[in-house]
Structures are given as structure tokens and as C-alpha cells.
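To start, the structure itself, in C-alpha cells.
Values in this document were obtained by computation on a predicted structure and should not be read as measured data.
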Amino acid sequence: MTQALSSSEVDISPEILLHAYSLGVFPMAEHRDDPDIFWVDPKQRGVLPLEQFHISRSLKRRMQKPDLRATMNKNFTAVLMACAARSETWINAEIADLYTQLHFAGHAHSVEIWYGEDLAGGVYGVSLGSVFFGESMFSNQVNGSKIALAVLTRHLLDCGYTLFDTQFISPHLASLGAIEIPRAEYQKQLKAALGRHCRMDLLPLLQPQDVIQRMTQIS
């Protein structure tokens, strides 16, 4: 179940958006052409435990392909627009503009997956404290979004992040290790995670092949 909070008549700024995240709420629109934005506070919150990310054998084989590479913040706009290009989307023009502003302010980040010169998939979200709030992801090729999440999750763990908020859970996310927790437990984890400061640029982004090697060494 989701609790939708009343949208404000006050224009939403990037600062208001960051404050909303710190309280555990996030914005959505009914569809891309709806100018109204409402705030959402799910009763059951999706989170992806960083140390429990699951990589299937087929995904592992895909990640080991030599023509595959990952980048961070190379083309945030392309990732955002690809996420908004679905037939059904909650990303309207104002939301796209807000996250673009957050990106240029250093708070919103993207991970891009490339097969050769083709953008195969990606994910974007917001960094605050030691929390990464995953917003949306897309695939243009098989497993593009899963590979982006695998690379991002490893990067967050290496950089000291403690909470990966996926907002909701889907079969796609559940297959990778995502779970649901009650709102009260989420608020507890959020408060603790906001008390630590992490940076996405603390370490270079690992390539998909290196992520697999790192996981093999750990296991």
C-alpha cells in the first residue's frame, strides 16, 4: 500500500526535493503529461541490501563480455530520458527538470551500460548521506538495467553507503535481492544512514567484468 500526500501549491525546488528525501517521501506524477506532482510515502518500502545483491549465472556470463563497459554520469540526460520514454511513466517535465538540476548540483547520479558505442541500459537516483535513492532504470538490450544495478550496488558498497532505497519492489528487483520493509523500519534505517556522509566519486567505478571478479574473490 502507498500513502499519497497532498501536493503543495508551492513550487518544488531542488532544495525542497532533497528535504523530502530526508523525510522518506518522494515525488511522482500520474503520467508524463500530468502537470501535477504528489508526494509518496509507501507503507512497505523497497530496499536492496547492498551485501545481498544476487547475480544469476546468466547475468554473470553477460557481465563478462569484453565489449561491455560502465560509466558514471557520462550521459545523465540520456538515462533520464530513456527512463521517461516508456508508454507509462511517472516522470513528467517538471520531475525531469528537478532531477536534472539535482544532477548539476552533484546530488543525482547515473550509471550507464554500453555495448560498444550503444547505450544498453542505465539507472539514476539521488545520493544523500549514505543513502542512494534509486529512481528509475531502463534496458535497451538484454539485462542492461540489471548490469547497471550490479555495478551501482558494488560501487555503493565500496564507497561506504549503507542504504539503497528502491522505493517499491518488483519481480525484477526481487530477483536481484530486493526486499520490502515496513515504513517504521525504513525510517529507522534512513535516520542512521543520513548520519553518515558518502561520496559517489570517492572511488572509480568498477567495470562489469571487475564486479564479477570482486564478488568471486569475496566469496
Side-chain angles (χ1 to χ4, degrees), residues 5 12-28 39-42 45-53 70-77 79-80 83 95-113 122-137 145 148-169 173 176-208 210-211 214-215 217-218:
L5 308 178
I12 300 174
S13 66
E15 293 74 22
I16 289 175
L17 184 52
L18 285 178
H19 181 62
Y21 275 112
S22 73
L23 299 177
V25 299
F26 54 89
M28 296 183 72
W39 297 105
V40 183
D41 182 15
R45 193 76 168 219
V47 298
L48 184 54
L50 294 172
E51 295 183 350
Q52 297 178 26
F53 191 88
T71 57
M72 183 168 64
N73 295 328
K74 181 176 181 179
N75 201 331
F76 180 89
T77 300
V79 173
L80 176 63
C83 291
I95 287 177
D97 180 63
L98 282 167
Y99 287 102
T100 300
Q101 291 184 62
L102 284 183
H103 171 63
F104 285 114
H107 294 291
H109 305 274
S110 62
V111 169
E112 303 90 13
I113 300 299
V123 58
Y124 80 93
V126 175
S127 172
L128 191 62
S130 66
V131 189
F132 189 84
F133 302 88
E135 281 301 315
S136 192
M137 56 190 173
S145 63
L149 283 172
V151 171
L152 173 60
T153 300
R154 184 71 250 174
H155 186 69
L156 294 176
L157 190 60
D158 289 345
C159 292
Y161 284 77
T162 59
L163 180 59
F164 189 172
D165 174 8
T166 66
Q167 300 176 350
F168 301 110
I169 194 170
L173 288 170
L176 300 173
I179 60 173
E180 282 187 332
I181 59 176
R183 181 187 292 153
E185 174 60 25
Y186 172 76
Q187 286 288 342
K188 179 181 177 181
Q189 293 188 26
L190 176 64
K191 182 179 180 180
L194 290 173
R196 297 182 55 181
H197 176 68
C198 292
R199 298 193 345 257
M200 292 287 288
D201 61 352
L202 179 65
L203 296 169
L205 191 71
L206 289 178
Q207 293 303 305
D210 298 326
V211 171
R214 177 72 64 83
M215 295 184 67
Q217 292 173 345
I218 293 174

**Request:** Please report the shortest heavy-atom distance between C159 and M200, naming the atom on each side.
**Result:** SG-O, 4.2 Å
**Asked** Taking the side chain as C-beta and beyond, is there a heavy-atom pair between V123 and V151 under 4.5 Å?
**Response** no
**Prompt:** Just by distance, do the side chain of Q187 and the backbone of L23 share a donor-acceptor pair under 3.5 Å?
**Reply:** yes
**Asked** Quick check: does any side chain N or O of R45 sit under 3.5 Å from a backbone N or O of G24, one acting as donor and the other as acceptor?
**Response** yes
**Prompt:** Are L194 and S22 close enough that some pair of their side-chain heavy atoms sits under 4.5 Å apart?
**Reply:** yes
**Item:** Any Y21 side-chain heavy atom under 4.5 Å of L190 side chain
**Value:** no
**Message:** Check whether E112 reaches the backbone of K74 with its side chain - one donor and one acceptor, N or O, closer than 3.5 Å.
**Reply:** yes
**Request:** Over 60° means perpendicular and under 30° means parallel, so classify the ring planes of F26 and F168, tilted if in between.
**Result:** perpendicular
**Asked** Roughly how far, to the nearest 0.5 Å, is OH of Y124 from OG1 of T77?
**Response** 11.5 Å
**Close side-chain approach of D41 to W39, heavy-atom, < 4.5 Å** = no
**Message:** Measuring only between side-chain heavy atoms, which start at C-beta, is I181 closer than 4.5 Å to Q189?
**Reply:** yes
**Item:** H107 (side chain) donor-acceptor with L128 (main chain) under 3.5 angstrom
**Value:** no
**Fill in**
Of all heavy-atom pairs linking Y161 and R199, the shortest is OH-C, 3.6 Å
**Complete:** Here the gap from F76 atom CZ to T71 atom OG1, rounded to the nearest 0.5 Å, amounts to 13.0 Å
**Prompt:** So, for I179 and P49, which heavy atoms are closest and what is the spacing to 0.1 Å?
**Reply:** CD1-CG, 4.0 Å
**Item:** From L176 atom CG to Q52 atom CD, the distance as rounded to the nearest 0.5 Å
**Value:** 12.5 Å
**Item:** M28 versus V40, closest heavy-atom pair with distance
**Value:** SD-CG2, 3.8 Å
**Residue pair M72 / L205: nearest heavy atoms and the distance that separates them** = N-CD2, 3.8 Å
**Message:** For G46, is there any backbone N or O sitting under 3.5 Å from a side-chain donor or acceptor partner on T166?
**Reply:** yes
**Item:** Under 3.5 Å: donor-acceptor pair, side chain of D165, backbone of V47
**Value:** no
**Fill in**
Here the pair of heavy atoms bringing Q207 nearest to A70 is OE1-N, 2.7 Å
**Residue pair F104 / P14, side-chain heavy-atom distance below 4.5 Å** = no
**Asked** Nearest 0.5 Å, what's the OG1-CG distance between T153 and L48?
**Response** 4.5 Å
**Request:** Starting at CG of L206, measure out to CG of L152 and round the result to the nearest 0.5 Å.
**Result:** 11.5 Å
**Request:** Working to the nearest 0.5 Å, report the span between CD1 of I12 and CG of D97.
**Result:** 11.5 Å
**Message:** Would the distance check show the side chain of S130 and the main-chain N or O of A193 forming a donor-acceptor pair, the cut-off being under 3.5 Å?
**Reply:** yes
**Asked** Side chains of L157 and F164: closer than 4.5 Å at any heavy-atom pair?
**Response** no
